[in-house]
Amino acid sequence: MSIFTGKRIVLGISGGIAAYKAADLARQLGKAGADVHCVLTEGGAHFVTPITFQALTGNPAWTDAWDSRQSRNMAHIELTRGADLLLVAPATADVMAKLAHGMADDLLTTLALARECPLAVCPAMNRQMWENPATQRNLAQLRADGIAVFGPASGEQACGEVGMGRMLEPLEIVAEVAAFFTPKRLAGRKVLLTAGPTFEPLDPVRGITNISSGKMGFALARACADAGAEVTLVAGPVSQPTPRGVNRIDVQTALQMRNAVLANVMHADVFIGVAAVADYRPADAAEHKLKKTGSGGMTIELVQNPDILAEVAALPNPPFCIGFAAESQNLDEYAAAKRAKKRVPLLVGNLVQDGMGGDDNRVVLFDDAGRHELPQAPKDEVAQAIVAHFARMLA
Ligand code: PMT
């Protein structure tokens, strides 16, 4: 189940050019599992028609406080009844000013004033409007009133200028909303993770690595950050975007990964080893590209890499350690043996054919209480379930 399943979101669209992105936002929120109901201001409806939002969400879109389709003509109250969030995206400078001052002169602002659910805004405006002291006063007031503010970002604007005021991209807003809905089970905790493969060089262009994509480790970093933790992620060579709010340290080799972990572990309450660390590295990395010599084979001498997880677990005051085990067979037997050998309270086992490289995973959690199998799901959902499990163990 996604964090959005069963969530009713009222999406308010006010009149800015970023309204065109709100159509994709409505679609992405629906795709994530939310039930989305759109309300457009008069300005918003100038940019994108209500029909577009109706088609994308499968729900009627609303523009008028006097719309007779709502029972008892109470659209200004009924639409947010039972809603989990009123999300205004884009939120223009004008709408932010109205919300900050409690004005209610159209359906959206009336809904905001009459709501019982939380309110979040995604500002979108020209950089001078954003920097204007009046907008900054309104922003401070919205924050003081407990209203969540997602963005804005800096970048090229529709007016051709460059600066602060661009609305976040739809998927960034979806990530913000997901974090908003996530219970803060790890508030006050510091989590250190490793993710991805390592790359052990043979020469300047070749090396030993594996097919870990980093997706599972990055999903866990994201889930920990969404749950309120301060997160440091030591990442091998992968092309995953850094999750919001996560401090990322990029490394190549197992030795670099170990050094980065040991430099940060003294602050950590939890250490999670998701990386597929190479157990061996070439004894010598050639300074120049190796040349083919004759027609015979080649022997590469390998030496063992340190076991980062086992080293962390053996520290005098270790953080709560979570290991992963990727096996191609006998998952229960091998994973339980790894948990005992590395002396970690929780070990997450997965089959390489289920979890390595792809978007989904199916894992089994091994701890003192026994085995706990999670259903196959997207890695973000698996990560949220793992966080819920170890947060209970920490508590
Ligand atoms: O990155 P993805 O494509 O999303 O794939 C995710 C994954 C399959 C890589 C991940 O879910 C996973 O299982 N990671 C562990 C991979 C593995 O095989 O680990 P291992 O059995 O070699 O090691 C066991 C544990 O010790 C792991 O926590 C590992 O990080 C750690 N370890 C291993 C060797 C070493 N030298 N140092 C370590 O810290």
Side-chain angles (χ1 to χ4, degrees), residues 191-200 208-223 233-241 243 251-262 264-265 268 270-281 302-315 318-367 374 376-383 385-387 390:
V191 179
L192 175 65
L193 304 98
T194 62
T198 60
F199 181 89
E200 312 296 333
I208 296 175
T209 187
N210 60 67
I211 61 164
S212 166
S213 61
K215 288 177 191 168
M216 191 67 243
F218 276 63
L220 253 172
R222 191 161 33 247
L233 173 63
V234 182
V238 292
S239 56
Q240 300 296 318
V251 297
Q252 294 280 322
T253 66
L255 290 179
Q256 291 168 353
M257 186 172 272
R258 171 181 177 264
N259 290 344
V261 166
L262 293 183
N264 287 277
V265 74
V270 178
F271 173 67
I272 314 178
V274 196
V277 186
D279 286 325
Y280 296 91
R281 66 179 184 276
L302 301 177
V303 293
Q304 215 170 76
N305 271 325
D307 188 318
I308 305 167
L309 177 63
E311 254 185 72
V312 171
L315 288 171
F320 182 86
C321 286
I322 303 170
F324 267 69
E327 308 294 346
S328 54
Q329 58 175 344
N330 302 335
L331 179 63
D332 277 38
E333 186 192 331
Y334 292 161
K338 250 174 210 171
R339 183 170 99 88
K341 187 171 166 221
K342 304 210 180 197
R343 296 171 178 272
V344 293
L346 177 61
L347 189 122
V348 182
N350 48 192
L351 288 169
V352 283
Q353 50 273 36
D354 285 342
M356 212 148 176
D359 292 335
D360 290 359
N361 202 359
R362 185 166 53 186
V363 304
V364 185
L365 311 181
F366 298 89
D367 58 22
L374 298 178
Q376 173 157 355
K379 283 179 176 169
D380 275 324
E381 288 176 31
V382 173
I386 294 171
V387 167
F390 79 75

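Quick caveat, the model's predicted, so the values are computed rather than measured. For ligands, and for the atoms within them, numbers begin at 1 and follow the listed sequence.
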Fill in: Approximate separation, where rounding is to 0.5 Å, of Glu327 CD and Leu351 CG
8.5 Å
Worksheet item: Which residue owns the protein heavy atom closest to atom 33 (C) of ligand 1, what's the atom, and how far is it?
Response: Lys342 NZ, 3.5 Å
Worksheet entry | Ser212, any N or O under 3.5 Å of ligand 1 N or O | yes
Worksheet item: Looking only at protein heavy atoms, which one is nearest to atom 14 (N) of ligand 1, and how far off is it?
Response: Val274 O, 2.8 Å
Practice prompt. Show your working on salt bridge (charged side-chain N to carboxylate O under 4.0 Å, His left out) between Lys379 and Asp359 and close with a plain yes or no.
Written response: CA-CA 6 Å; Lys379 283 179 176 169; Asp359 292 335; over 6 Å; no
Discussion item. Please list the nearest protein heavy atom to atom 34 (C) of ligand 1 with its residue and the distance rounded to 0.1 Å.
Written reply: Asp279 OD1, 3.4 Å
Worksheet, complete the sentence: In this structure, atom 30 (O) of ligand 1 is nearest to the protein heavy atom Ala275 O, 2.6 Å
Worksheet entry | Within-shell test, Pro306 vs ligand 1, heavy atom, strictly < 4.0 Å | yes
Worksheet item: Quick one: does Met257 get within less than 4.0 Å of ligand 1, heavy atoms only?
Response: no
Worksheet item: Yes or no on side chain to side chain contact (heavy atoms under 4.5 Å, CB included) for Leu192 and Val270, after CA distance, side-chain angles and deciding distance?
Response: CA-CA 6 Å; Leu192 175 65; Val270 178; over 6 Å; no
Practice prompt. Compute the shortest N/O to N/O distance between Phe324 and ligand 1 and return yes if it is under 3.5 Å, no if not.
Written response: yes
Worksheet item: If you measure from each heavy atom of Gly196 to ligand 1, is any distance below 4.0 Å?
Response: no
